[in-house]
Amino acid sequence: RFDEQDVPDVVLRGASHLHVGYPPVMSTLREEPGRLLEIFSRARRLGLSTSLDFCSIDPNSAAGRVDWRAWLTKVLPACDYFLPSLDEVAVMLGREIPQEREAISQVLFELAELGPRIVMLKLGPRGLVGYDRVEGVEVHEPCFAVDVASTTGSGDCTIAGFLSAYVSQREPLDHA
């Protein structure tokens, strides 16, 4: 039941960034996107940037019955960095997305048109793609070659690295 009352201005003051994750499992934010819009809008008025991550959406759950396209249209204008996986976006947009680079790029552009400066899509073992609408830059970063023990948390670690670079004042999609 997380909502705007859980993020008072006193918590936001002094911060530089607000990250919200997993609205599909937070009934208040899932059912009433205006609440997240209010949180993001207030954070931005206080000088913070904002980011949003998703989690898997079970099509047979309450989250699966949400009109996610309408939800995104309402919330993303107040979101600076949108960071879902390609699989999550396919569910949100209600369509299969071909795995070819051109189709994925089209999804990046489509989502960026809703407002975020940067859309970054996690591609699982294929890495990630990102698009910076302001700079007009698209990047693809493959995964590191490692011996995989578990992929649990890998998407969250990807986002943590991205946000760490941002708060360290590096260009978010600068991979030089």
Side-chain angles (χ1 to χ4, degrees), residues 1-97 104 106-124 128-134 152-164 166-167 172:
R1 303 229 172 249
F2 184 85
D3 66 21
E4 66 277 9
Q5 304 305 314
D6 295 307
V7 189
D9 286 358
V10 68
V11 171
L12 296 174
R13 286 192 182 95
S16 62
H17 185 80
L18 173 67
H19 178 71
V20 174
Y22 305 165
V25 296
M26 293 188 275
S27 61
T28 305
L29 298 184
R30 176 183 70 227
E31 302 302 328
E32 300 175 51
R35 290 177 180 257
L36 183 55
L37 176 63
E38 193 281 325
I39 294 169
F40 277 170
S41 297
R42 192 163 31 89
R44 284 174 132 191
R45 281 193 304 275
L46 292 170
L48 284 72
S49 55
T50 59
S51 60
L52 179 62
D53 182 22
F54 263 69
C55 58
S56 295
I57 301 169
D58 178 353
N60 299 314
S61 69
R65 293 186 290 279
V66 170
D67 180 349
W68 287 107
R69 181 182 293 275
W71 194 99
L72 293 171
T73 299
K74 185 164 195 160
V75 172
L76 289 185
C79 178
D80 295 299
Y81 307 114
F82 184 42
L83 313 164
S85 73
L86 184 63
D87 292 340
E88 293 158 358
V89 167
V91 173
M92 286 184 269
L93 297 179
R95 67 177 193 255
E96 286 191 33
I97 300 170
I104 294 170
Q106 288 302 100
V107 170
L108 285 172
F109 304 149
E110 179 181 345
L111 293 169
E113 286 295 315
L114 297 177
R117 173 184 172 181
I118 291 178
V119 176
M120 185 174 76
L121 300 177
K122 298 166 283 185
L123 304 176
L128 64 90
V129 294
Y131 175 66
D132 184 326
R133 180 177 49 83
V134 173
T152 302
S154 59
D156 292 328
C157 290
T158 299
I159 290 171
F162 172 84
L163 293 175
S164 175
Y166 167 73
V167 299

About how many Å separate [atom2] of [Y] and [atom1] of [X], when rounded to the nearest 0.5 Å?
{"X": "Ile118", "Y": "Leu111", "atom1": "CD1", "atom2": "CG", "result": "13.5 Å"}
{"X": "Asn60", "Y": "Arg65", "atom1": "CG", "atom2": "CZ", "result": "8.5 Å"}
{"X": "His19", "Y": "Ile159", "atom1": "NE2", "atom2": "CD1", "result": "5.0 Å"}
{"X": "Leu46", "Y": "Ser16", "atom1": "CG", "atom2": "OG", "result": "12.5 Å"}
{"X": "Arg69", "Y": "Met92", "atom1": "CZ", "atom2": "CE", "result": "11.0 Å"}
{"X": "Leu37", "Y": "Trp71", "atom1": "CG", "atom2": "CH2", "result": "9.5 Å"}

Dump the intermediate steps for side chain to side chain contact (heavy atoms under 4.5 Å, CB included) on Leu36 and Leu52, then the final yes or no. CA-CA 10 Å; Leu36 183 55; Leu52 179 62; 3.9 Å; yes
Please lay out, stage by stage, how Leu121 and Ser85 fare under the test side chain to side chain contact (heavy atoms under 4.5 Å, CB included). CA-CA 5 Å; Leu121 300 177; Ser85 73; over 6 Å; no
Examine the side chains of Thr50 and His17 and answer whether a donor and an acceptor come within less than 3.5 Å of each other. no
Test: [X] and [Y] ion pair at under 4.0 Å:
{"X": "Glu110", "Y": "Arg95", "answer": "yes"}
{"X": "Asp9", "Y": "Arg45", "answer": "no"}
{"X": "Asp80", "Y": "Arg117", "answer": "no"}
{"X": "Arg35", "Y": "Glu38", "answer": "no"}

Nearest atoms (heavy-atom pairs only) where [X] meets [Y]:
{"X": "Arg133", "Y": "Gly115", "answer": "NH2-O, 2.8 Å"}
{"X": "Ser41", "Y": "Ala78", "answer": "OG-CB, 3.9 Å"}
{"X": "Pro33", "Y": "Lys74", "answer": "CG-CD, 3.9 Å"}
{"X": "Val25", "Y": "Cys55", "answer": "CG1-SG, 3.9 Å"}

Do any N or O atoms from the side chain of [X] and from the backbone of [Y] form a donor-acceptor pair under 3.5 angstrom?
{"X": "Arg13", "Y": "Pro8", "value": "no"}
{"X": "Lys122", "Y": "Leu83", "value": "yes"}
{"X": "Trp68", "Y": "Glu88", "value": "no"}
{"X": "Asp6", "Y": "Asp3", "value": "yes"}

So if I apply the side-chain contact (heavy atoms from CB on, under 4.5 Å) rule between Phe82 and each of Asp53, Leu72, Leu114, which one comes out positive? Leu72
Check the pair Phe54, Val91 against side chain to side chain contact (heavy atoms under 4.5 Å, CB included), reporting the backbone distance first and the verdict last. CA-CA 11 Å; Phe54 263 69; Val91 173; over 6 Å; no
Heavy-atom neighbours of Glu31 CD exceed 12 at 6.0 Å: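 More than 12 within 6.0 Å, yes.
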Val20/Phe40 under side chain to side chain contact (heavy atoms under 4.5 Å, CB included): CA gap, chis, key distance, verdict: CA-CA 9 Å; Val20 174; Phe40 277 170; 3.7 Å; yes
Any side-chain heavy-atom pair of Val119 and Val107 under 4.5 Å: no
Are any non-hydrogen side-chain atoms of Arg44 and Leu18 less than 4.5 angstrom apart? no
